[in-house]
Amino acid sequence: MKVLIVGSGGREHAIAWKVAQSPKVTKIYCAPGNAGISEFAECVPIGAMEFDKLAAFAKEKEIDLTVIGMDDPLVGGVVDAFEAAGLRVFGPRKNAAILEGSKAFSKDLMKKYNIPTAAYETFNSPEAALAYLETADMPIVLKADGLALGKGVLICQTLEEAKEGVKELMEDKKFGSAGDRIVIEEFMTGREVSVLSFVDGKTIKIMTSAQDHKRAGDGDTGLNTGGMGTFSPSPFYTDEVDAFCRKYIYQATVDAMAAEGREFKGIIFFGLMLTAKGPRVLEYNARFGDPETQVVLPRMKNDIVEVFEACIDGTLDQIDLQFEDNAAVCVVLASDGYPVHYEKGFPISGLEKVKAKEGYYVFHAGTKFAEDGKTFLTNGGRVLGVTAVGKDLKAARANAYEAAEWVSFENKYMRSDIGKAIDEA
Ligand code: AMP
Ligand code: GLY
């Protein structure tokens, strides 16, 4: 089989690594990919939003399966474009990817089908939003309706901040049309957990839990980032939490989408908050998490290509999804100054030592080749994700930090407390 993967980050590197293990696969392409991904895949310079070019490439190369890693093309309808061209593709159609693409849609869905989430109101004009805020309790959460690179959520402590937030989102259009409509919701407290799942339209199979670290600095301080590290499983995702989510959240979401005529096939990523009143959905994503994928896939036992195909064919009920009884930790190595201002273009060393060790992995997020075509150079804010497995979370954390020390480049920055929360479990 020939497989095409669409995307260019650490998530797609992890997917390519996992796909490469399938005995069914003879060739992998990645569009546009990155330098690290070229270890497993031939990278082709087509952007993830160039649907016609992607589909033409897939036709020309007789690709048997395309896997979409990123949210933007899914929300934009890349799956519909591939299907119209008669191509096999893994991911939700546009009418289902809206689960991630519109927060107002997902909140209305949860309300209609009694799926536990924070109380909220939706607003189409700044005047109405501002009037509502005058009577609301603080802190409060403002969310741009559309995709905003994960940055469209504002937690506001005071009425002043909230008013300023409405202005940024709806009047100054900080995230463009994503802020034409906003959701204002109740502020919740608790631990956050990410749960990834495979869905075939009817059946849902839960992978395992993970936890992200979104802030740039130790102790969850500093600015929000694309994710500075992850661990899996989450010790806070207990059997009791799992049972609750299976009863009220997971299948309910899949059934709700089907009932709306929006059959969901692909990945649903449940962003959950474990509140004192029980688990609540913070958000849905319609794709693998980044960097959650970098700790989830190294623990997965199945041939991922078989699972992708079962999702497309509606036969996921026949798959016995299995995970190793171990743990994994991913530490992101970033360029100092990320997510604001940073320099790039520095040579990276030490990668071979990590890759040579069993259970240790380097997934590239932002790298490119130097002119010699061999040396890796830093090429982004998040540069690499160093993942290691271990028999439990403590062992995996020690391994990941050992490996993170082996890799060096000028400007290297990482958090020193990825997975520290497990000590409190
Ligand atoms: P989202 O993109 O909806 O997951 O929001 C991004 C982050 O904002 C989440 O990971 C939470 O840390 C935080 N957040 C979102 N909604 C709420 C809420 N209702 N209460 C508290 N924090 C929230
Ligand atoms: N790690 C969060 C996300 O992928 O959205």
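Just so you know, ligand 1 is whichever comes first in the structure, and atom 1 is the first atom listed for that ligand. Values below: every heavy atom of this structure, side chains too, minus hydrogens, waters and symmetry copies.
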Checklist line | Electrostatic pair Lys173-Asp180, nearest N-O below 4.0 angstrom | finding: yes

Item checked: Spatial distance of atom NZ (Lys103) from atom CD (Glu185) [nearest 0.5 Å] -> 8.5 Å

Item checked: Phe57 and Tyr29 aromatic centres sub-6.0 Å -> yes

Notebook entry, point to check: Strictly under 6.0 Å, is that where the ring centroids of Phe376 and Phe369 end up?
Noted result: yes

Run through all N or O atoms in ligand 2 and write down each protein N or O closer than 3.5 Å, as a pair with its distance.
{"unit_1": "ligand 2", "atom_1": "1 (N)", "unit_2": "Asp212", "atom_2": "OD2", "d": "2.8"}
{"unit_1": "ligand 2", "atom_1": "1 (N)", "unit_2": "Asp290", "atom_2": "O", "d": "2.9"}
{"unit_1": "ligand 2", "atom_1": "1 (N)", "unit_2": "Glu292", "atom_2": "OE1", "d": "2.7"}
{"unit_1": "ligand 2", "atom_1": "1 (N)", "unit_2": "Glu292", "atom_2": "OE2", "d": "3.2"}
{"unit_1": "ligand 2", "atom_1": "4 (O)", "unit_2": "Arg287", "atom_2": "NH1", "d": "3.0"}
{"unit_1": "ligand 2", "atom_1": "4 (O)", "unit_2": "Asp290", "atom_2": "N", "d": "2.9"}
{"unit_1": "ligand 2", "atom_1": "4 (O)", "unit_2": "Asp290", "atom_2": "O", "d": "3.4"}
{"unit_1": "ligand 2", "atom_1": "5 (O)", "unit_2": "Arg287", "atom_2": "NH1", "d": "3.4"}
{"unit_1": "ligand 2", "atom_1": "5 (O)", "unit_2": "Arg287", "atom_2": "NH2", "d": "2.9"}

Item checked: Test item: Glu50 side-chain N/O and Ile46 main-chain N/O as donor-acceptor pair under 3.5 Å -> no

Next item on the list: Look up atom CG in Asp200 and atom CG in Asp313, then write down how far apart they are to the nearest 0.5 Å.
Entry: 9.0 Å

Margin query: Can you confirm if the aromatic rings of Tyr413 and Tyr338 lie within a centre distance of less than 6.0 Å?
Written below: no

Check: Tell me, which pairs form a ring-ring contact (aromatic ring centres under 6.0 Å, His included) where one or both residues lie in residues 89-115, sequence neighbours left out?
Finding: Phe90-Phe308

Tabulating one pair per line, provide the atom names and distances (0.1 Å) for every N/O atom of ligand 1 that is less than 3.5 Å from a protein N/O atom.
{"unit_1": "ligand 1", "atom_1": "2 (O)", "unit_2": "Lys103", "atom_2": "NZ", "d": "3.3"}
{"unit_1": "ligand 1", "atom_1": "2 (O)", "unit_2": "Glu283", "atom_2": "OE1", "d": "3.1"}
{"unit_1": "ligand 1", "atom_1": "3 (O)", "unit_2": "Lys103", "atom_2": "NZ", "d": "3.2"}
{"unit_1": "ligand 1", "atom_1": "3 (O)", "unit_2": "Lys143", "atom_2": "NZ", "d": "3.0"}
{"unit_1": "ligand 1", "atom_1": "4 (O)", "unit_2": "Glu283", "atom_2": "OE1", "d": "3.4"}
{"unit_1": "ligand 1", "atom_1": "4 (O)", "unit_2": "Glu283", "atom_2": "OE2", "d": "2.9"}
{"unit_1": "ligand 1", "atom_1": "10 (O)", "unit_2": "Glu192", "atom_2": "OE1", "d": "2.6"}
{"unit_1": "ligand 1", "atom_1": "10 (O)", "unit_2": "Lys214", "atom_2": "NZ", "d": "3.0"}
{"unit_1": "ligand 1", "atom_1": "12 (O)", "unit_2": "Glu192", "atom_2": "OE1", "d": "3.4"}
{"unit_1": "ligand 1", "atom_1": "12 (O)", "unit_2": "Glu192", "atom_2": "OE2", "d": "2.3"}
{"unit_1": "ligand 1", "atom_1": "16 (N)", "unit_2": "Lys143", "atom_2": "NZ", "d": "3.1"}
{"unit_1": "ligand 1", "atom_1": "16 (N)", "unit_2": "Glu185", "atom_2": "OE2", "d": "3.4"}
{"unit_1": "ligand 1", "atom_1": "19 (N)", "unit_2": "Glu185", "atom_2": "OE2", "d": "2.7"}
{"unit_1": "ligand 1", "atom_1": "19 (N)", "unit_2": "Glu186", "atom_2": "O", "d": "2.8"}
{"unit_1": "ligand 1", "atom_1": "20 (N)", "unit_2": "Met188", "atom_2": "N", "d": "2.8"}

Next item on the list: Determine which pairs satisfy side chain to side chain donor-acceptor pair (under 3.5 Å) with at least one residue from residues 295-307, sequence neighbours left out, and list them in order.
Entry: Ser22-Asp303, Thr208-Arg299, Ser232-Arg299, Arg299-Asn326

